[in-house]
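In what follows, a single structure is set out as structure tokens and then discussed.
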Amino acid sequence: MSETARESMEFDVVIVGGGPAGLAAAIRLRQLSPETSVCLIEKGSEIGAHIVSGAVIEPRALSELLPDWKERGAPLNTPVTTEEMLYLTETGSLRVPMLDKLMPHMANHGNYIVSLGEVCRWLATQAEELGVEIYPGFAGAEVLIENNRVVGVATGDMGITREGTHGGNYQPGMELRGRYTLFAEGCRGSLTKQVMAHYDLRKGVDPQTYGLGIKEVWEIPAEKHRPGLVQHSFGWPMDDQTYGGAWLYHFGENLVSYGFVIGLDYPNTWLSPFEEMQRVKLHPAFRKHLEGGRRVSYGARALSEGGLQAIPRLTFPGGALIGDSAGFLNVPKIKGTHTAMKSGMLAAEAVVESLAANQVEPASFTKRVKDSWLWEELRTARNIRPAFARFGMKKGALYAGLDAMIFKGRAPWTLHFKHQDNEVLKPASLCEKPNYPKPDGQLTFDRLSSVFLSATNHEEDQPVHLRVKNLALWKTVNWDVFHAPESRYCPAGVYEVVDEATDPRLQINAQNCVHCKTCDIKDPAQNIDWAVPEGGGGPNYPAGM
Amino acid sequence: MTALVLLDHEEGRIRQAALSAVTAATKLGDVHVLVAGADAVAQEAAKIAGVSKVLHAVDARYAHELAEPLAALIVSLAGGYDHIVAAAGAVGKNVLPRAAALLDVQPIPDVISIVEADTFVRPIYAGNALATVKSSDSKKVLTVRSSAFDAAAAEGGSASVEVVAPVESPEVSKFESVHLSESERPELESARVVVSGGRGLQSEEKFHILDPLADTLGAAIGASRAAVDSGFVPNDYQVGQTGKIVAPDLYLAFGISGAIQHLAGMKDSRVIVAVNKDPEAPIFQVADYGIVGDLFEIVPQLTEELK
Amino acid sequence: MKIVVPVKRVVDYNIKPRVKADGSGVETAGVKMSMNPFDEIAVEEAIRLKEKGVATEVVVVSIGVQQAQDTLRTAMAMGADRAILVLSEESPEPLAVAKVLKAIVAKEEPGLVILGKQAIDDDMNATGQMLAGLLGWGQGTFAGKVEVADGSVRVSREIDGGTEDVSLTLPAIITADLRLNEPRYASLPNIMKARKKPLETLNAADLGVDMTPRLTIVSVAEPPQRQAGVKVGSVGELVEKLRNEAKVI
Ligand SMILES: Cc1cc2nc3c(=O)[nH]c(=O)nc-3n(C[C@H](O)[C@H](O)[C@H](O)COP(=O)(O)OP(=O)(O)OC[C@H]3O[C@@H](n4cnc5c(N)ncnc54)[C@H](O)[C@@H]3O)c2cc1C
Ligand SMILES: Cc1cc2nc3c(=O)[nH]c(=O)nc-3n(C[C@H](O)[C@H](O)[C@H](O)COP(=O)(O)OP(=O)(O)OC[C@H]3O[C@@H](n4cnc5c(N)ncnc54)[C@H](O)[C@@H]3O)c2cc1C
Ligand code: SF4
């Protein structure tokens, strides 16, 4: 648009995204090489503003990065004390016995329940003390590629009107040029997607598969609060084809983290992840914790569930993919924080080496990953999630138990994912409609009052950042065949069908978007492209998220 | 204890909000009022129920209720009073904090409830929380929200009128002109009645069904975001979290479902009326009066009935 | 002419404040903080006056905790030239703020002080008027338009039901209302440059100002929830109720 008017600035390393991966990489870079200039941008209005996580975290990578994290006041304040895995039926629940043997990946002793947003804010102060330049409120909108080498990113223009013209307070974006660029955008990064396509980084690996996590934070009466309690569930209300389960963690000052993760390879187009997460709260096993409390926050985010088989080539000329951008999440554990941090640290080491040797590609990153505990951990876990995809929930769980007890993750085969998540949705006529209860305003709520609690906002006068490539396709595919699944899977009520009876049209309320990326993943025709909106827009998750 | 109320007026009439300030002051003790302006206003003030004395300042410098001379005047009179009160309107908010600073007092704005002579309730965070605050100052300087106190009766009192001499004040400000908006429709944010439409209005053309009703009521017209996004009305009609925040005496919502983001902009209205064909619409949870039905039938009937 | 703009760090206006369970206040720990929106408008106006050649320097001041320097940096990224941070405990009252600002004014000798009309946390709408009182300066509150001519400033003020124009002798105080202007974004290059602009830190105590609050918070509560009213059967019934019961028409 106005390429010539853009200012630019040179750094040794540019990092896109201020989650655990990007921040750990930034810290490691300055620890190893204090004269390296490091610039990190984050699209949220502040660090942590867009972070949604459980989160029970393993402190392993953190202890390697900042061994004295306790003394430095890291917000890891609630150690896990009790844990339960429940198999739910509609009204009852069974506790899984011998959890540590059958589901060793779910064992959480030594771990902490945290607000990952808070941990990120703290990591950012550590990084800034080490001299990292952090710029929240700026989104990487464009990858700069010159002579087939990534040479940095450009931030988006600000003040473009809805029609695409320059508004009164127009500000051109800025080029942040780096000898190396690390993409730490988390799951389904919008620039990562372009880099993967440009360098064909996914060649020869399984398609990535995803989950959608929807979370609420509750404040409950002090007498009910049991800090350190971790409860997971599977079974009801998911059918056998749908991978999903709920979590509930007691942490902090009378806070409870409650949420639901559902595999985005679900086939039923009528399914609504939001309403599933709402109705699980009505189950006695969850209700008893939340009753009498008040909901204080809401958020949603996709996560990468492909594991080892879906990890793409990690490096390319001029940079690397780290954290959930690459897909380093340990799926059966639903933990990706320690792996994201570890991958960031290893990438930092590779980059420091390449800086010194003046190499184009920080290629040693891949070897460093393969030699680390990170790889070993993902390798052990590699068959569990695909087993659920292949055998269904019950047999998948059985497989997971066997895999753990007998093979200890070392089975001599590897199960593969065959389909992308958008390909498995079934036509509306072939699916059964779930019967979701109406929100009661006490335990369960509607989407809009939920989005309200995410403090989401976007400058209204800007181009819609959810780009439907071909509107005609929406009518013939999304509406005629699948009956607008986006109006159900979007956890923020962005997609609405108006004039349903007369002349159905898609209304996009872009202002509501919480940046979970589900539409970019699940749209049946891959017809929706999630692009970054103006920096600073999106949710403003408070402490506790 | 005696309270002094600054009685603001417009075009020779005492403002309704000032009468509410009188009511608030009666809860604090004997009430004197200060009138800076024409004789007629002072005479009117003497008739307000509950007022025992009118202090009347007649001098050109007070003609336009400028803060600099008025604050100095209040300070000169303050000695005899425990409380100094005004309505939380443009005049009170302009003048009282200045007077408070000169008296070395921290003012207490927007009071909605008087707990005790030194303890008051006031909204903070745009009304998202109510703070009860206790003042340790020897004098209390407060502005009060008229929506929280009934207006004192304009008739029934017989106060004495005492003329007070002007006092010196820095001559640093000069009144130039005033422009009261004369558009047919009042402004959304200050209108006493707001007629608002949502997606239920269906089109730009049909949205005009609200015009005659608004004309009849002398109301401003508002809208939901869905109505704005659908192109029925321009952006500046939007009421809600990301639109205008209104608190009229009467808010009429037609074809608006009542999403929390819309409620955030109008829930402090004194009376809310909702018309919606869906009996489960959340708007009914905040409406004082609701009609379940088709707005295209109800709006014309209502307009007719009110004429 | 120099312009001083006081800016306050407040809970971001996108965040719905949550009253603490114990009623002692509003939760601010871990909550996103930003510059008071009215102060952004004030900063913008000062910068525009500088761009027009009316002002020579824009100095921003904040009274508050250490983190308020982020707010000052934002103001400098918008275009203010330098900043003064006066360290003080969490939330000083307008009276104390005005006294601190009076001391700053004595030091800086500005021709104009432009404040926000109110801070969106305590909603006091008082500081500008109080500062004007302490200094004996003229005040143009709730400004919707500002024009500086030699030795004076004409301010169009937003009043109940319209606008009022006043002229003030300089130096003077202005408080910014919503319609005064639309503040610019702080661009990334300017944020980078703002890191190098001067920021002076003072202590409120060193200025000889007694910061002891005059108001104590007894309690903070959620406002009462609105209750659902009645459904009426006909338009006639509605009009009757509005007339005789609610008395709003
Ligand atoms: C619901 C849920 C529950 C989870 N529970 C756990 C748990 O209990 N334990 C655990 O260890 N892990 C958990 N995880 C996984 C963990 O949160 C992630 O693996 C981890 O956050 C990944 O870190 P990251 O830095 O790679 O990405 P993210 O944490 O996603 O951070 C990416 C950052 O980059 C920013 N960004 C993205 N694109 C751009 C751009 N173009 N320009 C600028 N900024 C950009 C984003 O706003 C974001 O702040 C959970 C995840 C989810 C969704
Ligand atoms: C960040 C954010 C900010 C937002 N800001 C705002 C804001 O400032 N203001 C705002 O309004 N919204 C805002 N919203 C949007 C808000 O969530 C709702 O989507 C919006 O208010 C819905 O508008 P509506 O009630 O007109 O439409 P709908 O929800 O579609 O409701 C239309 C209603 O009309 C009724 N109806 C239809 N036909 C008739 C008829 N013939 N007779 C009677 N009734 C009929 C229907 O029953 C329905 O209840 C915001 C959302 C977000 C996420
Ligand atoms: S629009 Fe897409 S990215 Fe945004 S909240 Fe909805 S599904 Fe998530």
Side-chain angles (χ1 to χ4, degrees), chain B residues 66-68 71 89-90 93-94 97-102 104-110 119 123-137 170 172-181 190 217 249-250 267 270-271 273 284-292 298 301-302 305-306, chain C residues 11 16-17 19 26 93-95 98 120-126 129-134 136-139 141-142 154 157-169 172 213-223 226 228-232 234-236 238-239 241-242 246 248-249:
Chain B
L66 288 177
E68 297 80 357
K93 288 186 167 204
N94 191 33
R98 184 175 177 112
L102 296 170
D104 195 30
V105 167
Q106 169 59 45
I108 306 161
D110 294 309
T119 309
I124 54 173
Y125 289 90
N128 280 299
L130 300 180
T132 304
V133 295
K134 187 180 165 89
S135 167
S136 62
D137 283 317
V172 287
S173 58
K174 190 165 130 249
F175 170 84
E176 297 281 359
S177 60
V178 64
H179 315 270
L180 295 180
S181 39
S190 52
L217 286 166
D249 285 346
L250 176 60
K267 66 170 177 2
R270 201 147 82 78
V271 174
V273 172
F284 288 123
Q285 288 163 20
V286 298
D288 300 281
Y289 304 106
I291 300 188
V292 179
I298 290 165
Q301 279 181 34
L302 185 59
E305 192 91 22
L306 288 169
Chain C
V11 170
K16 184 186 184 296
V19 174
V26 166
E93 289 173 352
L95 178 62
I120 62 162
D121 49 2
D122 294 334
D123 288 349
M124 286 283 186
N125 191 335
Q129 299 86 310
M130 298 183 82
L131 177 60
L134 295 181
W137 292 6
Q139 64 188 55
T141 49
F142 326 144
R154 188 179 172 120
R157 305 178 54 235
E158 311 231 336
I159 58 168
D160 302 334
T163 58
E164 173 192 80
D165 282 18
V166 292
S167 296
L168 310 171
T169 314
R214 306 292 180 83
L215 303 180
T216 43
I217 295 195
V218 180
S219 66
V220 174
E222 301 252 5
R226 230 188 147 95
V230 294
K231 292 215 177 94
V232 296
S234 71
V235 169
L238 174 66
V239 171
K241 296 235 184 229
L242 291 178
V248 283
I249 52 173

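Just so it is clear: chains get the letters A, B, ... in the order the sequence lines come, proteins before strands, and each one is counted from 1. Heavy-atom basis, side chains included; hydrogens, waters and symmetry copies ignored.
Using a 4.5 Å cut-off between heavy atoms, Val273(B) touches chain C through its side chain atoms alone. Heavy-atom distances place the side chain of Val26(C), and not its backbone, under 4.5 Å from chain B. Both the backbone and the side chain of Gln106(B) come within less than 4.5 Å of a heavy atom in chain C. Using a 4.5 Å cut-off between heavy atoms, Pro107(B) contacts chain C through both its backbone and its side chain. With a 4.5 angstrom heavy-atom cutoff, Ala71(B) does not touch chain C via any of its atoms.
Lys231(C) forms a cation-pi arrangement with Phe284(B), by the criterion of a distance under 6.0 Å to the ring centre and an angle within 45° of the ring axis.
The residue among Leu306(B), Ile291(B), Leu130(B), Val271(B) with the most heavy atom pairs within less than 4.5 Å of chain C is Leu130(B). Per-residue heavy-atom pair counts under 4.5 Å with chain C were compared for Val286(B), Asp110(B), Leu102(B), and the maximum is reached by Val286(B). For the set Asp137(B), Asp249(B), Leu302(B), the entry with the most heavy-atom pairs within less than 4.5 Å of chain C is Asp137(B). When each of Ser190(B), Pro170(B), Ala287(B) is checked for heavy-atom pairs under 4.5 Å with chain C, Ala287(B) comes out on top. Of the listed residues (Leu180(B), Leu66(B), Val292(B), Ile108(B)), the greatest number of heavy-atom pairs within a distance under 4.5 Å of chain C belongs to Leu180(B). Ranking Ala126(C), Ala98(C), Ala221(C) against chain B, the residue ahead of the rest is Ala221(C), based on heavy-atom pairs under 4.5 Å.
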Stepwise side chain to side chain donor-acceptor pair (under 3.5 Å) test for Gln139(C) and Asn94(B): CA-CA 9 Å; Gln139(C) 64 188 55; Asn94(B) 191 33; 2.7 Å; yes
Verdict with reasoning, Val220(C) to Thr132(B), per side-chain contact (heavy atoms from CB on, under 4.5 Å): CA-CA 6 Å; Val220(C) 174; Thr132(B) 304; over 6 Å; no
side-chain contact (heavy atoms from CB on, under 4.5 Å) between Thr119(B) and Val218(C), intermediate numbers included: CA-CA 8 Å; Thr119(B) 309; Val218(C) 180; 4.2 Å; yes
Leu217(B) and Ile249(C): CA distance, side-chain angles, deciding distance, side-chain contact (heavy atoms from CB on, under 4.5 Å) verdict: CA-CA 8 Å; Leu217(B) 286 166; Ile249(C) 52 173; 3.7 Å; yes
Criterion side-chain contact (heavy atoms from CB on, under 4.5 Å) on Arg214(C) and Asp104(B), from CA distance to verdict: CA-CA 10 Å; Arg214(C) 306 292 180 83; Asp104(B) 195 30; 3.0 Å; yes
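Between the Asp165(C) side chain and the Glu176(B) main chain, no donor and acceptor come within less than 3.5 Å of each other. At distances below 3.5 Å, not a single donor-acceptor pair connects side-chain atoms of Arg98(B) with backbone N or O atoms of Gln129(C).
Residues Phe142(C) and Lys93(B) have side chains in contact (heavy-atom distance under 4.5 Å, counting atoms from C-beta outward). Here the side chains of Ile159(C) and Val178(B) are in contact, with some heavy-atom distance below 4.5 Å. For the pair Tyr289(B)/Val230(C), a side-chain contact is recorded, criterion being any heavy-atom separation below 4.5 Å from C-beta on. Side-chain contact between Ser173(B) and Leu168(C): present, with at least one pair of heavy atoms (C-beta onward) separated by less than 4.5 Å. A 4.5 Å side-chain heavy-atom check between Asp121(C) and Tyr125(B) finds at least one atom pair inside the cut-off. In this structure, the side chains of Leu250(B) and Leu242(C) come closer than 4.5 Å at one or more pairs of heavy atoms.
Nearest heavy atoms, Pro223(C) versus Asn128(B): CD-O, 3.2 Å.
Taking the charged nitrogens against the carboxylate oxygens, Asp288(B) and Arg226(C) do have a contact shorter than 4.0 Å, which makes a salt bridge.
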